[in-house]
J.: 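My questions all concern the structure below.
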Amino acid sequence: MLFRRINAFFEREKSRGRELKNVQSKLEKYILILFPFLFLFLICSSMTYATDLLEEGKKLYEQSNFEEAYQFFENVTNDNPENWEAWMYKGLTLRRINKYQEMRLYKEELKCYENVTRYNPQYAAGWNNKGHILNILGKYEEAIKCFDKAININLLNNNKDPDPYTNKGRALMNSNKNEEALKAYDMAIQIDPGYSDTYYYMGILYLINFQDNINAEKYFFKALKIKPDFLNCLNALAVADYYLKIQNSSIKPSNNDLAKTFSYIEKALTYPTMNPTVKSPIHITKGTLLLLEKHVPEALKEFDDAIECNPTNSFAYNNKGVALIYNENIEDAVETFKQGINLDENKFKGFLYYNMGVAYTLLKKYDAANEAFKNADVFNKSLEVLKYYRAKMLEGLGEFNEAIKLYESRPKQIDYITALASLYNKLGNNEKARDLLKGSKSYKSYITLGQIELEDANYFKAIDNYNKAIELNPERNAILAMRAYSKFKLVQSKSSLKDAERDKYLNGSIIDLQKSNLLNIKNNYNLQLYYYYLTGVCYYYLENYDATKESLKRYNDVYRKLDKKSQYKLINDKTKVDKLLDYIWKRESSILNYWFCSPVDHFKRFAVGCFLIIFLLIVLITLILVTDKKSSEENKIKTKLIYPKNINRDKKGILSFIKKLPNKYYICSLVVLIILLFFFYPHTTKAKVKLPNFELDVRVLNNEVCNIYPEIPNFDELNGIDANLSEIKDDIKEIPIVILEY
């Protein structure tokens, strides 16, 4: 019985298992049939969600709410990496967010366009935008290839878009392929004659690479006619107008001539804009033009405004540092260059390092300058052409052979020639220095020749060379200071000169010094000391002792402003000045005035003088108090002298009182009178003090006086493009400044 039940149980379980298997197999069939439909449903849901996010991001983008729009596009690309449209908008949004032009964000934007071209290689705008960023990053050849792809796609689709041609022209221009760039711009104009950007960049091509200011202005005006609020175009137009005025004039334009130039800039600066960074390059241009016109304080203000508009603009830090150099704030210039270098990434690090090396060279910190120049080479090899200050640095380090090689590398550049001649002069090879300068008619050559002749004691030749230098450059008043010294040395060395001729040269020296404006040079105490020293000695030779005293007193006032180290270096000159001033003051003043008012060792003599006066008073009082005690009449007189209020005058008055005084009081009075006369009466003599030979280190003096300001350069480097303006001005472009940002 039990056995049958067990068998029945197992049979039931077997049938149930077969039924479960049948159900399972049926379910598997249904799932296999429904799975594709479920999968398609999930994909469609995901795509609908991504599309909704993309559309929402587009709306925010159109509303200029770029930060929020970026998050939507970011979410879309994360969920659906193959959505090329989301990548495109993400890149465009990054461009709007990147208002400070950070290289980090440019690289992120480039990744977006790379994904656009990967997932939709037939989308012309993707290639065009990718090329645009590559052009900004300095990868010009890659950029040109991208623009060519965009152009070919547009041709296949019969899409007339001038932008790829214009952008290709920019990349070609940056590659110095100017003729090809011109053809690209011409093609863009044929496609769309009303596209303002093409005319703008065509004007830039003529301005910078062709140096054709007339055509540059023509194209800038065309761009502004299409788009009157084109701020960058107004900025560039001001530059073209400025250099056109210089090109058409043998001298610098006056302030009235520049009114039109600055009107373009002011119009751009006063135009309302939501993005202040747009105005940063305009402030830079205005500041640079002011700097070229030597309005340094006003230029500094503009550069500060440019930095305020865009704190990451390396152009502004570069030009501000240059302006600080011309303002003789060299330490501040170094700090400004460092600020620019410390920015995230910028293509002007080479310039900034180079200019910092220039500043260190001017500070005579040659090791620091050497390090800065090495860094400049790392970031910008094209700066190798700017060798002037590098050679100066090597000269300061005593590496004369290396300095000579750098100077000789540019044999036609007048600044290099004169620097090389000065170096040969320093090394004692004056004949070679003269040979280098033979035939040169630059004012800088005449300055160097004047220095050589001055050191060789050929004073007439030195004066003649300085005269020629002043004729060629009357604005460089500092040359007058060297001519003044030459005239003085001529008088000092030529005892055979007639009195009239001698006085003419001495007065001429004083007039030259007054015209040289050395006293107006900010904080340059060495030049001020030189001015007062030489002026005072000239007046001494002219026997104008009052003027001599005044000049030498001012010398001492400036000397006190120096630090101890600088005072120690000038101790020999200071001793000469004090000796001369002490003698003249003693000769022309009373003894009392000399002891109490002379500026030389004033406090020491004042203390000694007070002691002597007190001692003299004690002696006089003692003499008065010593009397003959045996005479009562003498005691009464003594009492009346000591206590004047107790004097009992008789009818005959004071005369009777005086008659009664003993003889020794008459003697004391006479002594007091003689002493007072000695103190107050001017002490004069015709004997002259022997003046020590008045010598200065001519090389140091020439460096101090004739290199007060380096020549403010015309713009020499524009986004790495060498704009040679030698036909306009032959001065060295020692310090690269940026005048246009495009």
Side-chain angles (χ1 to χ4, degrees), residues 239 242-243 246 252 280-308 310-343 346-363 365 368-369 372-373 375-376 379-380 382-383 385-390 392-393 415 521-524 707-723 725 729 731-741:
V239 176
Y242 177 79
Y243 281 106
I246 289 180
K252 280 198 169 186
S280 182
I282 303 169
H283 281 295
I284 291 173
T285 299
K286 185 178 180 182
T288 306
L289 294 181
L290 288 167
L291 184 59
L292 292 171
E293 291 300 304
K294 299 186 180 179
H295 301 305
V296 182
E298 295 91 334
L300 281 169
K301 180 184 178 303
E302 293 301 323
F303 296 137
D304 285 334
D305 289 343
I307 291 169
E308 185 179 350
N310 185 355
T312 65
N313 193 329
S314 57
F315 296 81
Y317 289 101
N318 182 76
N319 289 15
K320 181 183 177 183
V322 174
L324 286 168
I325 288 176
Y326 296 135
N327 206 35
E328 297 191 55
N329 298 334
I330 314 296
E331 296 284 357
D332 292 342
V334 170
E335 292 303 314
T336 302
F337 293 134
K338 285 180 180 178
Q339 288 176 19
I341 289 165
N342 291 335
L343 295 175
N346 64 77
K347 56 187 172 182
F348 261 77
K349 273 195 178 180
F351 290 119
L352 289 158
Y353 270 118
Y354 183 86
N355 287 340
M356 190 163 72
V358 170
Y360 277 130
T361 304
L362 294 172
L363 290 171
K365 296 181 179 179
F373 287 136
N375 287 325
F379 284 95
N380 195 337
S382 68
L383 285 173
V385 299
L386 298 168
K387 299 175 182 177
Y388 182 81
Y389 275 105
R390 185 190 294 274
K392 285 285 184 187
M393 175 269 298
D415 293 85
I521 298 166
K522 187 179 180 182
N523 296 332
N524 196 324
N707 292 307
I708 294 166
Y709 299 112
E711 283 300 311
I712 296 178
N714 292 311
F715 62 93
D716 176 68
E717 299 276 347
L718 300 163
N719 286 359
I721 300 168
D722 186 10
L725 297 173
K729 191 177 180 185
D731 290 326
I732 186 172
K733 289 76 175 180
E734 296 148 342
I735 305 177
I737 58 176
V738 186
I739 199 168
L740 271 182
E741 178 185 352

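Index from 1, following the sequence. Computed from a predicted structure; not experimentally measured.
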J.: Among residues at least two apart in sequence or on other chains, which ones pass ring-ring contact (aromatic ring centres under 6.0 Å, His included) with Y353?
T.: F379
J.: With no hydrogens and no angle check, is any side-chain donor or acceptor of N313 less than 3.5 Å from a backbone partner on F315?
T.: yes
J.: Any side-chain heavy atom of K286 within less than 4.5 Å of one from I282?
T.: no
J.: Which residues pass the side-chain contact (heavy atoms from CB on, under 4.5 Å) test with A333, not counting sequence neighbours?
T.: L324, I325, F337
J.: Please enumerate all residues that pass side-chain contact (heavy atoms from CB on, under 4.5 Å) together with A299, with sequence neighbours excluded.
T.: L290, L291, F303
J.: Which residues satisfy the side chain to side chain donor-acceptor pair (under 3.5 Å) test with D304, sequence neighbours excluded?
T.: K320
J.: Checking the side chain of Y317 only, and the main-chain atoms of P311 only, is there a donor and an acceptor separated by less than 3.5 Å?
T.: yes
J.: Looking only at non-hydrogen atoms, find the nearest pair between I341 and K349 and report the distance.
T.: O-CE, 2.9 Å
J.: For atom CD of E298, is the number of surrounding heavy atoms from other residues, nucleotides or ligands below 6.0 Å larger than 12?
T.: yes
J.: How would you list, by chain and number, every residue that makes a side chain to side chain donor-acceptor pair (under 3.5 Å) with K338, sequence neighbours excluded?
T.: none
J.: Does E331 have any side-chain contact (heavy atoms from CB on, under 4.5 Å) partners at least two apart in sequence or in another chain, and if so, which?
T.: L363, K365
J.: List the atom of V296, the atom of A323, and the distance in Å for their closest heavy-atom pair.
T.: CG1-O, 3.4 Å
